[in-house]
Amino acid sequence: MPLLDLGYRRWEGTRTPRSLRWLVVTITGALMIWRGYWLRTILALSLSPIIFTVFGFFIFEQGLQDPESRSLITQVVRRQFGMDELARNIMTNPEVARHEVWSLFLLNFFKQSQVYCMVVVLGLTAPRLISYDLRSRAYLLYLSRPLSPLEYLLGKASVLWFLLLAIATAPALCVYVFGVLISPTWRVVFDTWDLPLRILAATAILALPTSALAIFYSSMTTESRFAGFAWFATWIVGWVTYSVLTSVTAFGNANKESLSSQFYKWQMLSPYHTLGQTQSIAFGANQADEPYWLPIFLCVAVTVVGFGLAHRRIAGMLRA
Amino acid sequence: MAIIELSGLRKSYGRNTVLDNIDIAIAPGITGLLGPNGSGKSTLIKSLLGLVRVDAGSGKVLGEPWPATVKAIRDRIGYLPEEDCFVAGLQGVESVQMMAQLSGIPSREALRRAHEVLDYCDLGQERYRKVETYSTGMRQKLKCAQALVHDPELVILDEPTTGLDPNQREEFLQRLKTLAIKHGKSIMLSTHILHDVRQICDHVVILIGGRIRVSESLEKLSRPAKPGLHLTVVEGAAPLVDVLRSRSLQATLADDGQTVFVEGVNADRAAELWSLCAEHKIMLQRLEPSRNSLEQIFLDAIQEVPRAVA
């Protein structure tokens, strides 16, 4: 027998706005993910590529006064990125080249490293986001509250967006602020004001289609391992297909110009390369002769179709 | 005033009509929703909550226009689904806290409230375990807690006593009764267990083949078309029938061989029957006014037997 039993009590208070209730799904999802030791470790490791970007910013700003540093950054731009013209600009007029150099390092951060990190982090977290709810029928509990299937999906997708903000956007913006702080003059803000916006655009490109795809896979099965398998298979198969096709096309073909346009088409078969291409557009680093609409269209299509099918699936589950 | 007032409610899945032009008005109190499998009970509940989109129909739920303001309605309804459902990876108390937050209760208040309601639903220290490790009975209590945590005016329970042992079931039903009587909650109880309905419900709705066959107060339904008394005796039922017939009373012996039904006699003649038994040295074990059994009402509804209610 209890020593004290309050029994049932009424609750009277001000309720939070209905339009923000999906945030509860996000916060709960993020807290559950944060409990995983391995995932926390992977998230921390995902931040490590930012060191190279910080190094690039530092050496470039150092190079404005120190010829040795300038020579070093020129070599990096020439050898690592193969951009001879930019390397020459750095030597002749580094102040003018700043915007392009910063963009190049930030694009490299997004395109070369964070896409891999994104694949791993989303591959470990996203598959169970919805499939667990389907298996345990938790969607009935969520949707019996003032949440629509769309808000439920928004809440789940926001968990992934939060992770991507943590591993890509936040460090990129921090590096930008770092660059501004170590540059000799505050005028640099006027020269590079658009870069934070480009970082946000690159984040949207990284987050929207990938989360839509991950949510779609997760909503199609009650077994998270199947969703995880489909996710990793998509990236690996796309990558391998692109590599095979480019190798076959390049074999014995000496015409570099025709090869470039062929490769561009093959890129659309690989999610990794398509994302990279779209992020290049966001940072203004795409080749002028490449049609910019195709990768953007693919990203938009994957986003719309992915979320659309996931929504259909969740709404359909309620009829069962 | 009715808490649920719907008219022309229709829902089909393809060619299969699940709810067929339903008009229903449910008064405050405890309402039992009965019906055989596939009669549309769960679809009716899901329609009320806006979980499935109806083909036609309109009305009011808790005074709010339905289905136009279904989200506002959901804030005022607690729902215990029939299915075994839980948010995997959360502790019991976290799960109830989250459901409270989804109903708009601020985080800290939601945690306090979750503990209170879990105490009320008799879920002890298990609340700190992950919900996937719970037994069926514990999950049922947890579902009940999440249905009550936001202090809803109407609680809809779909097969709530499934998985509870007899003791827990009785406690659970008492809890529902307390909620209705002491705290003014309206409760809609969808179940197959007629005993549960008989024990706590004020009103009964019987749904057969997507149509409302019966919607009446239990008190009114239980009243037989003709009055009568049931006399249960220890022994000597057959002689009692002869005695009663000799006094021009319509007496019949029931199949159990111990109960005699005396038709057309009110409770005010109970003393007369009592002394008649004493006179013939027949030991009377039980004497009660005749009532329609819920089982019979349910079977009649299934077989489309028209009811004559007194």
Side-chain angles (χ1 to χ4, degrees), chain A residues 2-29 31-36 125 128-149 151-152 155-156 222 224 314-320, chain B residues 11 13 43 45-46 49-53 70-75 77-90 94-95 97-107 109-110 112-113 116-117 119-121 124 131-132 143 146-151 156 175 178-179 182-185:
Chain A
L3 293 173
L4 173 71
D5 185 6
L6 289 171
Y8 185 84
R9 291 205 299 171
R10 303 222 51 182
W11 185 80
E12 276 162 7
T14 312
R15 294 190 189 231
T16 54
R18 263 185 224 117
S19 53
L20 296 178
R21 305 267 177 94
W22 57 269
L23 276 172
V24 177
V25 180
T26 307
I27 293 166
T28 310
L31 284 175
M32 279 163 74
I33 284 170
W34 195 246
R35 283 179 190 163
T125 53
R128 58 184 133 156
L129 269 183
I130 295 182
S131 64
Y132 270 27
D133 284 351
L134 294 181
R135 191 175 354 160
S136 61
R137 296 189 188 90
Y139 60 89
L140 268 177
L141 296 176
Y142 283 111
L143 300 176
S144 66
R145 307 287 156 159
L147 272 188
S148 65
E151 286 170 315
Y152 167 75
K156 292 288 181 182
T222 54
S224 58
I314 299 297
M317 288 301 287
L318 293 171
R319 284 190 225 114
Chain B
K11 174 69 191 168
Y13 293 125
T43 307
I45 290 172
K46 285 179 181 172
L49 289 162
L51 296 178
V52 292
R53 196 176 291 170
V70 78
K71 276 194 178 178
I73 291 170
R74 280 189 212 159
D75 255 349
I77 293 183
Y79 172 51
L80 186 153
E82 178 187 6
E83 293 88 349
D84 182 27
C85 48
F86 54 89
V87 182
L90 289 181
E94 290 172 332
S95 162
Q97 181 193 11
M98 186 192 76
M99 298 313 287
Q101 285 180 269
L102 284 175
S103 288
I105 300 180
S107 172
E109 189 65 0
R112 187 187 65 77
R113 179 88 189 148
E116 258 182 46
V117 175
D119 282 338
Y120 184 70
C121 292
V131 289
E132 52 266 40
K143 281 198 287 180
Q146 65 79 26
L148 294 174
V149 70
H150 56 298
D151 192 28
I156 300 179
R175 216 169 280 141
T178 310
L179 282 172
K182 272 194 175 174
H183 303 284
K185 306 272 173 232

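Keep in mind it's a predicted model, so treat the numbers as computed, not measured. The chains referred to below are lettered A, B, ... by the order of the sequence lines, with proteins before strands, and numbering in each begins at 1.
- For the atom pair B:Glu94 CD and A:Leu31 CG, the distance stands at 8.0 Å (nearest 0.5 Å).
- Proximity to chain B (any heavy atom under 4.5 Å) is shown, for A:Ser144, by both the backbone and the side chain.
- Residue B:Gln97 does not touch chain A at all, counting heavy-atom pairs closer than 4.5 Å.
- Checked against salt bridge (charged side-chain N to carboxylate O under 4.0 Å, His left out), A:Arg145 has no partners two or more places apart in sequence or in another chain.
- Across B:Ile105, B:Leu80, B:Ile156, the residue that shares the most heavy-atom pairs under 4.5 angstrom with chain A is B:Ile105.
- Once rounded to the nearest 0.5 Å, the distance linking SG of B:Cys85 with CG of A:Leu134 reads 12.5 Å.
- Residues B:Ala88 and A:Ser136 approach most closely at N-OG, 4.2 Å, considering heavy atoms.
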Evaluate the criterion side chain to side chain donor-acceptor pair (under 3.5 Å) for residue pair B:Glu116 and A:Trp11; output intermediate values, then yes/no. CA-CA 11 Å; B:Glu116 258 182 46; A:Trp11 185 80; over 6 Å; no

If you apply the rule side-chain contact (heavy atoms from CB on, under 4.5 Å), what do you find for B:Met98 with A:Ile27, and how did you get there?
CA-CA 10 Å; B:Met98 186 192 76; A:Ile27 293 166; over 6 Å; no

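- Of the atoms belonging to B:Leu179, it is side-chain heavy atoms, and not backbone ones, that fall under 4.5 Å from chain A.
- Partners of B:Glu132 by salt bridge (charged side-chain N to carboxylate O under 4.0 Å, His left out), not counting sequence neighbours: none found.
- B:Tyr120 and A:Tyr8 get closest at one heavy-atom pair: CD1-N, 3.4 Å.
- The distance from the CD atom of B:Gln146 to the CG atom of A:Leu141 is 5.0 Å, given to the nearest 0.5 Å.
- One N or O on the side chain of B:Arg74 and one on the backbone of A:Leu147 form a donor-acceptor pair closer than 3.5 Å.
- Shown here for B:Asp75 and A:Arg18, the closest heavy-atom pair between the two residues is OD2-NE, 3.0 Å.
- Contact detail for A:Leu140 and B:Glu83: the closest heavy-atom pair is CD1-OE1, 3.3 Å.
- Between B:Leu102 and A:Arg21, the shortest heavy-atom contact is O-NH1, 2.9 Å.
- The CZ atom of A:Arg15 sits 11.0 Å away from the CD atom of B:Glu109 when rounded to the nearest 0.5 Å.
- Sparse packing is recorded around CZ of B:Arg53, with 12 or fewer heavy atoms of other residues, nucleotides or ligands lying under 6.0 Å away.
- Across A:Arg35 and B:Leu90, no two heavy atoms sit closer than the pair NH1-CD2, 4.5 Å.
- Separation of atoms NZ (B:Lys71) and OG (A:Ser19) is listed at 8.5 Å; rounding is to 0.5 Å.
- With a 4.5 Å cut-off on non-hydrogen atoms, A:Thr14 touches chain B through its backbone but not through its side chain.
- Chain A forms more heavy-atom pairs under 4.5 Å with one residue of B:Val117, B:Leu49, B:Asp84, B:Ile77 than with any other, namely B:Asp84.
- Residue B:Ala147 touches chain A through its backbone alone, counting heavy-atom pairs closer than 4.5 Å.
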